[in-house]
Peer 1: 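Structure below; questions to follow.
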Amino acid sequence: MHDPIAAGRRSALRAVAMQAIVVALVAAAFLLQGQRHALAAAGGGAALLVGNALSTLLAFGGGIQPAGIAMARTLAGAMVKWLVVLAGLALVLGGWRLPAIPALVGVGMGLVAHSVAMIIQMNRRR
């Protein structure tokens, strides 16, 4: 039997794994500019990574539910994701006083990697 909830959860977790690889590569590239730049890129990307993982768990964690509840879980997951990202950036930029550009590049490349991975997963199912 085909379980679309489990398939969606697996696809989203694969996208998070791809995002982790890309964030690690971005942080390694910023290591050429110094340790603080690499930590900033890793911190920004890690905030997005944790946010996406929590969003996935929240959106797909309830199993099959009525449409209204599924939509509410998806929206709650998106809100949690962005709250985690903002809190992570506040910690990286304000708490640890790391450079802003590498942190934002880490978040941006993480977003691109997650989106591309989700597109690839969707095209494989067709």
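Scope of the values below: all heavy atoms of this structure, side chains included, with no hydrogens, waters or symmetry mates. Since the model is a prediction, treat every value here as computed from it, not as a measurement.
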Peer 1: Closer than 3.5 angstrom, by distance alone: can the side chain of Thr56 be matched with the main-chain N or O of Asn52 as a donor-acceptor pair?
Peer 2: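 Such a contact is found between Thr56 side chain and Asn52 backbone.
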
Peer 1: Roughly how far, to the nearest 0.5 Å, is CG of Leu57 from CZ of Arg9?
Peer 2: 8.5 Å

Peer 1: Taking all heavy atoms of Arg73 and all of Gly62, pick out the closest pair and write down the distance.
Peer 2: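 Nearest pair, atom of Arg73 first, then Gly62: NH2-N, 3.0 Å.
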
Peer 1: According to the side chain to side chain donor-acceptor pair (under 3.5 Å) rule, which pairs have a member within residues 86-115, sequence neighbours left out?
Peer 2: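 Sorted pair list comes back empty.
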
Peer 1: Which heavy atom of Ala38 sits nearest a heavy atom of Ala27, and at what distance?
Peer 2: CB-O, 3.3 Å

Peer 1: Run through the side-chain heavy atoms of Ile, Leu, Val, Met, Phe, Trp and Tyr, join any pair under 4.5 Å, and report what else lands in Val116's cluster.
Peer 2: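 Taking Ile, Leu, Val, Met, Phe, Trp and Tyr as members, Val116 shares its hydrophobic cluster with Val112, Ile120.
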
Peer 1: Would a 4.5 Å heavy-atom cut-off, applied to side chains only, mark Leu104 and Leu89 as touching?
Peer 2: yes

Peer 1: Looking at every non-hydrogen atom in both residues, tell me the closest pair between Gly88 and Ala47 and how far apart they are.
Peer 2: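 Scanning both residues completely, I find the closest heavy atoms to be CA-CB, 3.8 Å.
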
Peer 1: Could you pull out the closest heavy-atom pair between Leu93 and Ala103, with the gap in Å?
Peer 2: CD2-CB, 4.1 Å

Peer 1: Please round to the nearest 0.5 Å and tell me the distance separating atom CG of Leu49 and atom CG of Leu54.
Peer 2: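 Answer for the CG-CG pair, Leu49 versus Leu54, is 9.5 Å.
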
Peer 1: Cluster question for you: counting only ILVMFWY and a side-chain heavy-atom cut-off of under 4.5 Å, with indirect links fine, are Ile64 and Phe60 together?
Peer 2: yes

Peer 1: Do you know which two heavy atoms are closest between Ser55 and Ala78, and how far apart they sit?
Peer 2: OG-N, 3.9 Å

Peer 1: Nearest 0.5 Å, what's the CG-CZ distance between Leu25 and Phe30?
Peer 2: 12.5 Å

Peer 1: Is there a path from Ile101 to Val26 through hydrophobic residues (I, L, V, M, F, W, Y) whose side chains come within less than 4.5 Å of each other?
Peer 2: yes

Peer 1: Could you grab the distance from atom CE of Met118 to atom CZ of Arg14, nearest 0.5 Å is fine?
Peer 2: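 If we round to the nearest 0.5 Å, Met118:CE and Arg14:CZ are 10.5 Å apart.
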
Peer 1: Mind listing the closest non-hydrogen atom pair of Gly77 and Leu58 along with its distance?
Peer 2: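 Nearest pair, atom of Gly77 first, then Leu58: N-CD2, 3.4 Å.
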
Peer 1: To the nearest 0.5 Å, what is the distance between CG (Leu48) and CE (Met109)?
Peer 2: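 If we round to the nearest 0.5 Å, Leu48:CG and Met109:CE are 12.0 Å apart.
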
Peer 1: Would you say Val23 ends up clustered with Val50 if hydrophobic residues are merged whenever their side chains have heavy atoms under 4.5 Å apart, either directly or through other cluster members?
Peer 2: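 As far as the 4.5 Å side-chain criterion goes, Val23 and Val50 are not connected within one cluster.
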
Peer 1: Please round to the nearest 0.5 Å and tell me the distance separating atom CD1 of Ile21 and atom CE of Met18.
Peer 2: 6.5 Å

